[in-house]
Amino acid sequence: MYNYLIYNQLKNYAKADKSFHMPGHKARGDFKSKFAVAPLDITELSYSDNLLCPKGVIAQAQADIAEILGASKSYILTDGSSSGVLSMLFAVAGLGAKVIVPRNSHQSVWNACKLLNIEPVIVQGGSRDGVLLPPDPALIETLVSGDKTISAMIVTSPDYYGNIAPLEEYKKILHRHGRYLLVDGAHGGHLAFEAYRRGYAGVYADLWVDGAHKTMPALTQGAIVSANCQSLIPALEEGLSVFRTTSPSFPIMASVEYAVKYLYNNPEIVAEARGAVEAFKLKSSFKLYPSEDWTKLAVDFEPLGISSHGAAQFLEKKGIYAELSDGKHLLFYLSPMVTAADLNALSSALTAVTTNKKLKIPFIKKPDLPVLQRTYSFLYALRQPRELVPLSQAAGRMAARNVGISPPCTPVTVAGEIITEAALKVLEDADGLFGVDNGNIWVVKK
């Protein structure tokens, strides 16, 4: 049984602290009444330890987390998984000019490549129901055996839809050629608490990120980056010194430690939630995306002839908010904290969708993204003069920036690729676009 060290320390001192230090709210007055966490929101003090150079409770909490996750070292992040992704790529940036990057990687991966002058070797797997799949290990073998400038591969596993990459095969290939496996496991921290840690990034990766807040009981922005490769630890720590904030949130920090230890201390919580989800799936008459991760429940509305956007609007009127809608799927993002009662309410609401006659948004099939042949590199395109053109006039032009959809914050077109009609079709009715400025897109200037 592990104790919640950071939280307990904060609680013990909260009443005695007179707050002659940051933050400015001082846990006083109206702020304290509206934000209950205020007394725990402190700065680096004699009793609180320092995340940037921990020697007390934070150091012990991180050691406990590493022990639970099976890591050589683990580091708490209060800036989200993105700071961990940036730090991982910093750790390998000096080992080679290139890193293998699947095209459905998170925007933080592309930002890291831009900042660190890494050329992404973009790979693309097949697709299933319009969702990109992890690349074939044989392709990775071909790439690393033929290019000594590739230092590593970074892969997202699981992805938003619950596809788990063949990490064991990737690891064997990369290690055989002296390269490293980095895993953006932001969506899979809960897998550390599955039987045999099936599919968990930490079983295979040299460096990996867990997004604690995504599928574990932690505050938003709480995450962890861990290492199993001793030789990369110094560079990873240097990367953390660059990309982590110097003013980390103590409530977020405490919640990350809590999340890991709570699930470890209470394994029945995970089992009960997973069992409730499996029961829901057995009873469901809906077509579901074949996720390998039980926390990703994607309902396919194409067989009903209904756009998932319309279904999402209908459900929101009933107080049910999905994680994302892509027109075909409505993704419900679950966690070990979900209950059978939650899922019963969801089941009833979904049934109401099928009987509602007012859903007027029909399903419109979007084209699958083709495997694109790149003429110019990512870094080349970023360095060229650029101009804004309307999306309607962008087909055939070279993208000067990534453009995509958030969530899941992955690109539809990557800088250096020629923008296709199919890509524009995918973008045209999506919400939460990035890389688009008032209906215009950045392209390389002619």
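Numbers for residues simply follow the sequence, beginning at 1.
- Salt bridge present: Lys172 and Glu168 bring a charged side-chain N and a carboxylate O closer than 4.0 Å.
- Summarising the geometry, atom CG belonging to Leu382 is positioned 5.5 Å from atom NZ belonging to Lys114; distances are rounded to the nearest 0.5 Å.
- Put simply, the side chain of Thr215 never gets that close to the backbone of Gly211: no donor and acceptor are under 3.5 Å apart.
- Counting heavy atoms from C-beta outward, Ile269 and Tyr262 have side chains that approach closer than 4.5 Å.
- Side-chain contact, Asp293 with His187: no donor N or O sits under 3.5 Å from an acceptor N or O.
- No side-chain heavy atom of Thr78 sits under 4.5 Å from any side-chain heavy atom of Pro251.
- Using a 4.0 Å cut-off between charged nitrogen and carboxylate oxygen, Arg397 and Glu387 count as a salt-bridge pair.
- Between Leu51 and Gln62, the closest side-chain pair of non-hydrogen atoms falls below 4.5 Å.
- The CG atom of Leu77 lies 12.5 Å from the OG atom of Ser249; values are rounded to the nearest 0.5 Å.
- Residue Leu116 comes nearest to Ala93 through the heavy atom pair CB-CB, 4.3 Å, listed as atom of the first residue, atom of the second, then distance.
- A donor-acceptor pair under 3.5 Å is formed between the side chain of Thr339 and the backbone N or O of Asp342.
- Residues Ile76 and Ile6 form a side-chain contact, since some pair of their non-hydrogen atoms from C-beta on lies under 4.5 Å apart.
- In this structure, His213 has no ring-ring contact (aromatic ring centres under 6.0 Å, His included) partners at least two apart in sequence or on a different chain.
- Residues meeting the ring-ring contact (aromatic ring centres under 6.0 Å, His included) test with His177, sequence neighbours left out: none.
- In this structure, OG in Ser74 is found 9.5 Å from CD1 in Ile68, a value given to the nearest 0.5 Å.
- The side-chain tip of Lys328 does not point at the ring of Phe301 from less than 6.0 angstrom away and within 45° of straight on.
- The two residues Ala227 and Trp208 have their closest heavy-atom pair at C-CZ3, 4.0 Å.
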Checking side chain to side chain contact (heavy atoms under 4.5 Å, CB included) for the pair Leu297/Leu288: CA distance, chi angles, key distance, verdict?
CA-CA 7 Å; Leu297 186 67; Leu288 304 175; 4.0 Å; yes
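- Side-chain atoms of Arg198 never come within 3.5 Å of backbone atoms of Ala192 as a donor-acceptor pair (strictly under, hydrogens ignored).
- Taken from NZ in Lys296 to CZ in Phe332, the straight-line distance is 14.5 Å, to the nearest 0.5 Å.
- Using modelled atom types, one side-chain atom of Ser255 and one backbone atom of Leu219 make a donor-acceptor pair closer than 3.5 Å.
- Between the side chain of Asn356 and the backbone N or O of Val353, no donor-acceptor pair lies under 3.5 Å.
- Trp442 places no side-chain N or O within 3.5 Å of a backbone atom of Gly435 that could act as its donor or acceptor partner.
- In plain terms, the two heavy atoms of Leu167 and Ala201 that are nearest each other are CD1-CA, 3.9 Å.
- More than 12 heavy atoms of other residues, nucleotides or ligands sit less than 6.0 Å from atom CZ of Arg176.
- Between the Gln384 side chain and the Tyr380 main chain, a donor and an acceptor come within less than 3.5 Å of each other.
- More than 12 heavy atoms of other residues, nucleotides or ligands sit less than 6.0 Å from atom NZ of Lys281.
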Can you check side chain to side chain contact (heavy atoms under 4.5 Å, CB included) on Phe243 and Leu115, steps first, answer last?
CA-CA 11 Å; Phe243 295 112; Leu115 286 169; 4.2 Å; yes
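- Residues Leu315 and Leu330 meet the side-chain proximity criterion, which asks for heavy atoms closer than 4.5 Å.
- Looking at Arg128 and Val131, their side chains never come closer than 4.5 Å, going by heavy atoms from C-beta outward.
- Note: Leu240 CG to Leu52 CG = 9.5 Å, rounded to the nearest 0.5 Å.
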Pair Phe90-Glu238, side chain to side chain contact (heavy atoms under 4.5 Å, CB included): steps then yes or no
CA-CA 8 Å; Phe90 181 96; Glu238 185 179 356; 3.7 Å; yes
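- Remark: Asp159 engages no residue in a salt bridge (Lys or Arg N to Asp or Glu O under 4.0 Å) (not counting sequence neighbours).
- What you find for Ser406 and Phe434 is that their closest heavy atoms are CB-CD2, 4.1 Å.
- Partners of Lys34 under the salt bridge (Lys or Arg N to Asp or Glu O under 4.0 Å) rule, at least two apart in sequence or in another chain, are Asp30.
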Applying side chain to side chain contact (heavy atoms under 4.5 Å, CB included), run through His25 and Phe35 and close with a yes or a no.
CA-CA 10 Å; His25 59 69; Phe35 298 90; over 6 Å; no
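- Heavy-atom minimum distance, Leu433 versus Leu427: CD2-CD2, 3.6 Å.
- Under the rule for a salt bridge (Lys or Arg N to Asp or Glu O under 4.0 Å), the partners of Glu237 that lie at least two apart in sequence or sit in another chain are Lys73.
- Between Ser108 and Asn111, the side chains place no donor N or O within less than 3.5 Å of an acceptor N or O (distance only, hydrogens not considered).
- Side-chain atoms of Gln393 never come within 3.5 Å of backbone atoms of Pro390 as a donor-acceptor pair (strictly under, hydrogens ignored).
- For the side chain to side chain donor-acceptor pair (under 3.5 Å) test, residues two or more places apart in sequence or in another chain that qualify with Asp326 are Tyr161, His329.
- Side-chain atoms of Glu323 and Tyr160 form a donor-acceptor pair, as typed in the model, at a separation below 3.5 Å.
- Residues Ala186 and Lys214 approach most closely at O-CD, 3.1 Å, considering heavy atoms.
- Of the possible donor and acceptor atoms, none in the side chain of Asn50 sits under 3.5 Å from a partner among the backbone N and O of Glu44.
- Formation of a donor-acceptor pair under 3.5 Å by the Arg179 side chain with backbone atoms of Ile173 is not found in this model.
- Atom CG of Asp184 sits about 9.5 Å away from atom OG of Ser157, to the nearest 0.5 Å.
- Under the 4.5 Å side-chain criterion, counting only non-hydrogen atoms from C-beta, Phe286 is in contact with Leu350.
- Residues Leu207 and Tyr180 have side chains not in contact (no heavy-atom distance under 4.5 Å, counting atoms from C-beta outward).
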